[in-house]
Amino acid sequence: MLLNVLKGKIHRATVTQAELDYVGSITIDSELMEAAGIMEYELVTISDCNNGNRLETYVIAGEPGSGVICLNGAAAHLVNVGDKVIIMNYCQMTPEEFKDPANAPHVVFVDDNNKISRLTRYEKHGRLEDMK
């Protein structure tokens, strides 16, 4: 049996752009992608903390260090520039792989400019442990 589990997350990033006239997807600063373990064209779930909307789309790598978080295409209707969003991706693991602490999710906290302020791994009972 395989479990669908959290692999990585960018927590409370600020939407910098919403571009309706685009094919579709989310553009994310590639430095944030790397820190969270998100790959280009990978499926992500996006939760908007301001309005409660939740959507899925694929990722396009943005300019490293730019802080870009841009919802493209139809998804641009569901967010506003300045909204805080949580971007999550998932993977499939066996129950044994899931129990291995090395497979804990990569969690990226950002400041208001989408610069990394903290990198953590989830631990049991909701504790966070900084990555070394």
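Remember, it's a predicted structure, so these values are computed and weren't measured experimentally. Computed from heavy atoms alone, side chains included, the values below leave out hydrogens, waters and symmetry copies.
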Could you check whether atom CD of E34 has more than 12 heavy atoms from other residues, nucleotides or ligands sitting under 6.0 Å from it? no
Establish whether I116 and V68 are linked, either directly or via other cluster members, by ILVMFWY side-chain heavy-atom contacts under 4.5 Å. no
I69 vs I28 side-chain heavy atoms within contact, under 4.5 Å: yes
Expected output: side-chain S117 to main-chain F109 donor-acceptor under 3.5 Å: yes
Identify the two heavy atoms, one from I10 and one from M33, that lie closest to each other, and give their separation to 0.1 Å. CD1-N, 4.5 Å
Looking at NE2 of H77 and CG of L20, how far apart are the two atoms once the value is rounded to the nearest 0.5 Å? 4.0 Å
Would you please say whether a donor-acceptor pair under 3.5 Å links the side chains of N53 and N51? yes
In terms of heavy-atom contacts, does CG of D100 have more than 12 from other residues, nucleotides or ligands at under 6.0 Å? yes
Rounded at 0.5 Å granularity, tell me how far NZ in K115 sits from OG in S66. 6.5 Å
Which atom of G67 lies closest to which atom of D29, heavy atoms considered: N-OD2, 2.7 Å
Is the shortest side-chain heavy-atom distance between Q92 and N4 below 4.5 Å? yes
R121 side chain to A102 backbone, donor-acceptor under 3.5 Å: yes
Please report the interatomic distance OH(Y90) to CG(L6), rounded to the nearest 0.5 Å. 6.0 Å
Within the structure provided, determine whether L71 and L78 are in side-chain contact (heavy-atom separation under 4.5 Å). no
In the structure I gave you, are the side-chain heavy atoms of E40 and I60 within less than 4.5 Å of one another anywhere? yes
Heavy atoms only: give me the nearest N72-Y22 pair and the separation to one decimal. CB-CD2, 3.2 Å
Find out whether L2 and T94 are in side-chain contact, i.e. whether some heavy atom of one side chain is under 4.5 Å from a heavy atom of the other. yes
Considering non-hydrogen atoms only, spot the tightest contact between A18 and V79 and give its length. CB-CG2, 4.2 Å
Is the backbone N or O of F98 less than 3.5 Å from a side-chain atom of N103, with the two atoms forming a donor-acceptor pair by type? no
Main chain of A13, side chain of N114: is a donor-acceptor contact present, judged purely on distance under 3.5 Å? no
Okay, side chain of T14, backbone of G82: is any donor-acceptor separation there less than 3.5 Å? no
Distance from N89 atom CG to I46 atom CD1, nearest 0.5 Å? 11.0 Å
Please check if atom CE in M93 has more than 12 non-hydrogen atoms from other residues, nucleotides or ligands closer than 6.0 Å. yes
Rounded to the nearest 0.5 Å, what's the gap from CD on E19 to CD1 on I26? Could you check? 12.5 Å
For residues K7 and G37, report the shortest heavy-atom separation together with the two atoms involved. CE-O, 2.8 Å
Where the side chain of K9 meets the backbone of P105, is there a donor-acceptor pair that is under 3.5 Å apart? no
Do V59 and L55 belong to the same hydrophobic cluster, where Ile, Leu, Val, Met, Phe, Trp and Tyr are linked whenever their side-chain heavy atoms lie under 4.5 Å apart, directly or via other members? yes
Side-chain contact, heavy-atom cut-off 4.5 Å: M88 with S47? yes
Within-4.5 Å side-chain heavy-atom neighbours: V5 and C91: yes
Atom of L32, atom of V110 and distance for their closest heavy-atom approach: CD2-CG1, 3.7 Å
Starting from V107, can I reach I86 by hopping between I/L/V/M/F/W/Y residues whose side chains sit under 4.5 Å apart? yes
Mind checking whether V108 and H106 have side chains closer than 4.5 Å, heavy atoms only? no
Salt bridge present between D112 and K84 (N-O < 4.0 angstrom): yes
